[in-house]
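Please read the structure below before turning to the comments.
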Amino acid sequence: MELKNARMIFWGGTLVSAAIFGWMTYDFHQQGETLAHNSKIDDRVIAGKKVWHKYNCNNCHTILGFGGYYAPDMTKAYYRLGANNIIAIVMNPQEVYRNSFRKMPQLGVTKIEAQNLVAFLHWTANIENRQWPPQDEKYVKAARLRESHPEKLQKTDLVLGACGGCHSFANQGRDIAGDFGEIAKRITYDHDTLIRYMQNPKSVKPDSDMPPQNVSPETAGLIADFILSLR
Amino acid sequence: MTIKYQSQKVALPYMQLSLLLFVLQVIMGLWLAANYAFTLPQGLIDVFSFATSRAIHTNLLVAWMLLGFMGGAYFILPVECERELHSTKVAWLQLILFAAAAVTAVVGFLFGWTQGKPLLEIPVPLDLVIVVAALLFLFNILMTVLQAKNRTVLQWMLVGGVLFLALMYLFGIPFYSSLNTDYYYWWWVIHLWVEGAWELITASIIAFVIIQVTGVERKVVEKWLYVETGLFLFTGIVGTGHHYYWIGAPDYWLWWGGIFSALEPLPILLMVVDTWFHIRERKNPIVNQLLWVYIVALAIFHFIGAGLFGFVHTLPPINYYTHGSQITVSHGHMAFFGAYALLNLTVFYFALPQFKGIERYKATAGYWGFWIMAVSMFLLGLVFGVAGILQVYLERFLDIGYSTAHITMMFWFKVALFFGVCFLAGTLTTVYHLFTLKPVEEERSR
Ligand code: HEM
Ligand code: HEM
Ligand SMILES: [Fe+2]
């Protein structure tokens, strides 16, 4: 082979590939709306993304599968955990993971920052990314079903959607802080005390490790009914 | 053999600093593995977390790689251009800027000063310092090449690779409001570096070393160089698509990304073949065998780490399960070590004896260092791979949840920690050997 031919291979190969890539990049931007709903990015989503960067979350948690592999993927965290659980975990990891084999640092994330994070994770969870990661697809399906048929929303869905990040019931949710079946038998609170406990645990039980929950009074009432009905 | 041009000497501090950062990087790697192997107390991780350590581990990696490339280029270009470097003052200024930015970045990470993007954590003000350093470097090598006594393919390939590298870095600097777009361009840096620009630099540098060491005809080597780099870019540019399967990109990326990236091992295989041919048809005697060992090891480990370990998870149906798992880590380590760590060490073993005017050096410690590193990294790669297969199987196939799947890793990372300590021993031996090269006795008595 002549040097001339070799040079042709170099330039031919490079330019062909660069041209295809350039066109695909153009098309990627064209489809940004369909695939990532870029128009739904509002100030809170952007603020949340900045929080995500500020605390370097991405070097422990993957998102879209990129980053550190040390902690759970965050792509579909919004559907896996729900807003309240995310806020509670991010603000109080030292309590939540007190007994875990792997811990998350207390980063000093403020309430507002945590709320913005939720907006960011909500937007992220809706990227059409061909159902990755595989293990979270069941949460996405369940959450979408609940969103599209609120009338079919069961009480357990509501309760676990709010508290399932730390409590379990009937083999659903995660048992970090106790199963509601057992908790219900143990506690002696009445309806109003239980609501107060959700909103400010320490006001009821000073040595409680449970972080305050961001649930509306109505939801808290429904959850209290549910737990007390398990006695 | 001694250096031919005085300005080549400026490469020495680049190489020494590079080696130092290599040692620090490996120590940080051990600390990362310890985070996996043991349950660390909350108080400790609150002040010095896995996230911080990982940023330091990977940034030190990139820093010592780039220092090695720049030192290598400064060492090679005078010989290749048959003239002194354009300016050694610029080279020194550039080194000081780059080193200052790197040190500030690492100290900054400790205090939470970070851009928060994996591998590209360096905050924007420091990015700008690095851009200035890169511009100085480009200016210096371009001026050198433009005033060269002769024109060679190799010069331009090297300069082209560096230009490509510098250009891609810019895509990582801005803040993107869409995470999807953010990661699209993140890969323009990461992928188009390691599977594009850095491959051009590697191919050029190793072509130079092979011409010098084996004495085979330049024309033959440069022909291979064109074909290999052409194939690298042909497969590698569209091959970027193997990172776009699950970020929310159009469907056809699965095909284009899958097929082109599956062809990426081809040019690496060609490199193995041509290295082997050139060594077989060498015109020069083998003086320092260790250098030849490094050249061959680079070719083979590059192919295993990048080619084979990359290929196994590059097709979409497999990548759906393996994406973002310890399998990625396994490939990342094998590829970075096999391609770029070994490239830099090869260049160091080529250059450092010349600074001291040593013809033949005592190589025992060097051999020990090499074999300990190569074997431990291979085993480390396997251990990460086993941990990854388990993780994928438990978490994504059986779907038994994060905690249950990840707790098994504590055992595998204890094993990784053990091989990591071996690797550190190999690193220290190699670095010690490179810093204290001594001529063999017979030469001294002559
Ligand atoms: C010397 C060259 C190479 C180096 C240094 C390298 C390094 C890396 C690194 C560090 C990552 C992880 C990036 C991250 O997510 O943080 C990665 C990912 C990947 N590499 Fe390579 N690589 C090389 C060549 C290749 C080749 C030739 C192939 C294909 C044949 C390949 C296939 C892949 C794939 C598919 C992934 C994505 C893994 C995932 O989905 O998580 N790599 N590479
Ligand atoms: C003692 C030896 C080493 C150990 C124990 C070690 C360990 C680790 C660990 C635990 C991670 C984090 C992976 C994660 O996020 O879960 C990591 C990341 C990384 N290390 Fe090392 N490391 C070592 C040496 C090296 C060397 C010599 C290189 C390169 C030549 C290297 C390149 C990398 C890269 C590229 C990443 C990012 C991987 C990715 O994003 O997929 N490491 N290392
Ligand atoms: Fe890649």
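Here is how names work: the chains are called A, B, and so on, in the same order as the sequence lines, proteins then strands, and each is numbered from 1.
To the nearest 0.5 Å, atom CD of residue A:Gln31 and atom CG of residue B:Asn180 are 11.0 Å apart. Interatomic distance, NE2 of B:His323 versus CG of A:Leu64, reported as 7.0 Å (0.5 Å rounding). Rounding to the nearest 0.5 Å gives a distance of 3.5 Å between CH2 of A:Trp123 and OG of B:Ser178. Distance NZ/A:Lys4 to OH/B:Tyr226: 13.0 Å, rounded to 0.5 Å. To the nearest 0.5 Å, atoms NE2 (B:His406) and OH (A:Tyr69) are separated by 12.0 Å. Taking OG of B:Ser177 as the reference point, atom CG of A:Asn38 lies at 7.0 Å (rounded to 0.5 Å).
B:Ser49 touches chain A through its side chain: at least one heavy atom from C-beta onward sits under 4.5 Å away, while N, CA, C and O do not. Using a 4.5 Å cut-off between heavy atoms, B:Ser325 touches chain A through its backbone atoms (N, CA, C, O) alone. With a 4.5 Å cut-off on non-hydrogen atoms, B:Ile400 does not touch chain A at all. Using a 4.5 Å cut-off between heavy atoms, B:Glu395 contacts chain A through both its backbone and its side chain. With a 4.5 angstrom heavy-atom cutoff, B:Tyr245 touches chain A only via backbone atoms. Only the side chain of B:Glu121 comes within contact range of chain A, with at least one heavy atom under 4.5 Å from a heavy atom of that chain.
A:Asn56 and B:Ala55 get closest at one heavy-atom pair: ND2-CB, 4.4 Å. Scanning both residues, B:Glu222 and A:Leu3, for their nearest heavy atoms gives C-CD1, 4.2 Å. Between A:Phe10 and B:Thr229, the shortest heavy-atom contact is CD1-OG1, 3.3 Å. Considering every non-hydrogen atom in both B:Ile45 and A:Met104, the closest pair reads CD1-C, 3.6 Å.
B:Tyr244 and A:Phe28 have parallel rings, their planes meeting at less than 30° on a 0 to 90° scale where 60° marks the start of perpendicular. Aromatic ring pairs are classed by plane angle as parallel below 30°, tilted from 30° to 60° and perpendicular above 60°; the pair A:His29 and B:Tyr185 is parallel. Relative orientation of the B:Tyr36 and A:Tyr70 rings is perpendicular, given thresholds of 30° and 60° on the angle between their planes.
Chain A forms more heavy-atom pairs under 4.5 Å with one residue of B:Phe260, B:Phe397, B:Trp256 than with any other, namely B:Trp256. In terms of non-hydrogen atom pairs under 4.5 Å with chain A, the most contact-rich of B:Leu40, B:Asp182, B:Leu225 is B:Asp182. In terms of heavy-atom pairs under 4.5 angstrom with chain A, the leader among B:Gly239, B:Gly116, B:Gly112 is B:Gly116. Ranking A:Asp73, A:Leu107, A:Ile63 against chain B, the residue ahead of the rest is A:Ile63, based on heavy-atom pairs under 4.5 Å. Looking only at heavy-atom pairs under 4.5 Å with chain A, the residue among B:Val47, B:Asp399, B:Leu179, B:Leu254 that has the most is B:Leu179. Of the listed residues A:Ala71, A:Pro93, A:Gly108, A:Gly32, the one with more heavy-atom pairs under 4.5 angstrom with chain B than any other is A:Ala71. Of all the listed residues (B:Phe232, B:Trp224, B:Tyr176), the one sharing the greatest number of non-hydrogen pairs under 4.5 Å with chain A is B:Tyr176. Of the listed residues (B:Asp46, B:Leu32, B:Val220), the one with the most heavy-atom contacts under 4.5 Å to chain A is B:Asp46.
Taking the ring centroids of A:Phe66 and B:Trp187, they lie under the 6.0 Å cut-off.
In summary, of the residues considered (B:Thr240, B:Thr235, B:Ile237), a side-chain contact (heavy atoms from CB on, under 4.5 Å) with A:Ser17 occurs for B:Ile237 alone.
Looking at A:Arg102 and B:Tyr402, their side chains do bring a donor and an acceptor atom within 3.5 Å of each other.
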